[in-house]
Visitor: 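Here's a structure for you.
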Amino acid sequence: MTVLGARQLNRATLARQLLLERASQPVTQVIEHLVGMQAQAPNAAYVGLWSRLVDFEPAELARLLIERRVVRTTLMRATIHLVTARGCVSLRPVVQPALERAFAGSPFAGNVADVDLDELLATGRKLLAERPRTRAELSPLLHERWPDRDADSLVYAVTYRAPLVQVPPRGVWGSSGPAAWAPVETWLDAPVGTDPTPDDVVLRYLAAFGPASVMDVQAWSGLTRLRPVVERLRPRLRVFTDERGRELFDLPEAPRPDADTPAPPRFLPEYDNVLLSHADRSRVIVDKRPVVLFPGNGAAMGNLLVDGFYRATWKITRAGDTATLTVDPFVKLSTKDIAEVSAEGERLLAFVAADVPNHEVVVAEP
């Protein structure tokens, strides 16, 4: 059986993630291919798409959000993801068990243990169908019906377990807004799917993140007990091992570039899934360094790949008419790396800080 080393896995994953070479594809096609993009920080996906697409403009994604062709919704690992409308309704029933388990393990679950959850969810969805509401707005309305229960626990039960979307203007480039929720069915005028079978989602994960182990698929999705699913799919897959002898599964025709394929610097946004979607992250993180998860709305801080691996963090600050991008490496970068990082950083500033005339890139010493 063929053994794949860390650099081979790195280049295969970067190729699937469109991080070896920017693609010329429609935004919706890329979001579908990636099985959604992390969107905990509302503006993060704009940088994620800029790093993956040729000539991406923020207005493209903003328009799709406003037109309801893409949405921000709770999916994999009980976190907010940017997905297409089609992806939203099809992925939700697959990951629903993970969302229910996440709520059951939260401090809120015990406070509503004896509440009729079907009634609670129906009430919450009805109130949100009237108009999008924030948790702060929904909480007292639910508390009127269940006055002897903790109000926060009531509202979190709804936002964890019911299929909802966060509506614009939150997530629209150049705009701001609170995290207001609406039911998927109301916002998209389409029913949520009913098929919980994960087979197709596993195949899509491998297309975007493979080759990967069963544990990797589970780490990305938040689902458990996927071994029987992968075994069912085994006849359709190619099987490798990593250097520790663990089985890795992949689509037979998926790209697996040579280990020495050049990998240009790539500025990643907060929470980018390429850093978070494997149980074994050594294909992108060589020293088990924790991924820095930045606060804020996104597009101002993030992580940097150099030669395909996690080597630095970045931050954009503004002072007057100047925007400064500061790169903080974990390791000493070569003169060639610094030149390439600086050039890519200038392009990032032109994208993120187009509203100010002066740009500066600073690559700090580790």
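Just so it is clear, the values below take in all heavy atoms, side chains as well, and ignore hydrogens, waters and symmetry mates. Quick caveat, the model's predicted, so the values are computed rather than measured.
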Visitor: Decide whether Asp216 and Ser213 meet the rule of one side-chain donor and one side-chain acceptor closer than 3.5 Å.
Guide: yes
Visitor: Any side-chain donor-acceptor pair under 3.5 Å between Asp321 and Asn358?
Guide: yes
Visitor: Going by the side-chain hydrogen bond (donor to acceptor under 3.5 Å, both in side chains) test, name the single residue among Thr2, Thr13, Asp250 that passes it with Arg256.
Guide: Asp250
Visitor: Count I, L, V, M, F, W, Y as connected when their side-chain heavy atoms are under 4.5 Å apart, and connections chain through other members. Are Val95 and Leu233 then in the same cluster?
Guide: yes
Visitor: Hey, which of Glu119, Glu130, Glu185 is the one that makes salt bridge (Lys or Arg N to Asp or Glu O under 4.0 Å) with Arg125?
Guide: Glu185
Visitor: Can you see which heavy atom on Asn303 is nearest to which on Pro269, and at what distance?
Guide: ND2-O, 4.2 Å
Visitor: Salt bridge or not for Asp114 and Arg149, using N-O below 4.0 Å?
Guide: yes
Visitor: Can you tell me which residue among Tyr160, Phe103, Tyr156 is in a ring pair (Phe, Tyr, Trp, His ring centres under 6.0 Å) with Phe108?
Guide: Tyr156
Visitor: List the atom of Trp187, the atom of Val71, and the distance in Å for their closest heavy-atom pair.
Guide: CD1-CG1, 3.8 Å
Visitor: Going only through I, L, V, M, F, W and Y residues with side-chain contacts under 4.5 Å, is there a path from Leu276 to Leu99?
Guide: no
Visitor: Would you mind checking if Asp307 and Arg11 are paired as a salt bridge, meaning a charged N to carboxylate O distance below 4.0 Å?
Guide: yes
Visitor: Please determine, by modelled atom types, if Thr241 and Glu247 share a side-chain donor-acceptor pair under 3.5 angstrom.
Guide: no
Visitor: Under 3.5 Å, is there a donor on one side chain and an acceptor on the other for Ser282 and Asp280?
Guide: yes
Visitor: Do the side chains of Asp337 and Lys332 get close enough for a salt bridge, i.e. N-O under 4.0 angstrom?
Guide: no
Visitor: Could you tell me if Arg133 sits above the aromatic ring of Trp181, with its cationic atom closer than 6.0 Å to the ring centre and no more than 45 degrees from the axis?
Guide: no
Visitor: Assess whether a salt bridge exists between Glu243 and Arg7, defined as any Lys/Arg side-chain N lying under 4.0 Å from an Asp/Glu carboxylate O.
Guide: no
Visitor: Is Arg289 close enough and on-axis enough to Tyr310, meaning under 6.0 Å and within 45°, for cation-pi?
Guide: no
Visitor: Determine whether the aromatic ring centres of Trp50 and Phe56 lie less than 6.0 Å apart.
Guide: no
Visitor: Looking only at side-chain N and O atoms, does Asn273 offer a donor or acceptor that is under 3.5 Å from a partner on His81?
Guide: yes
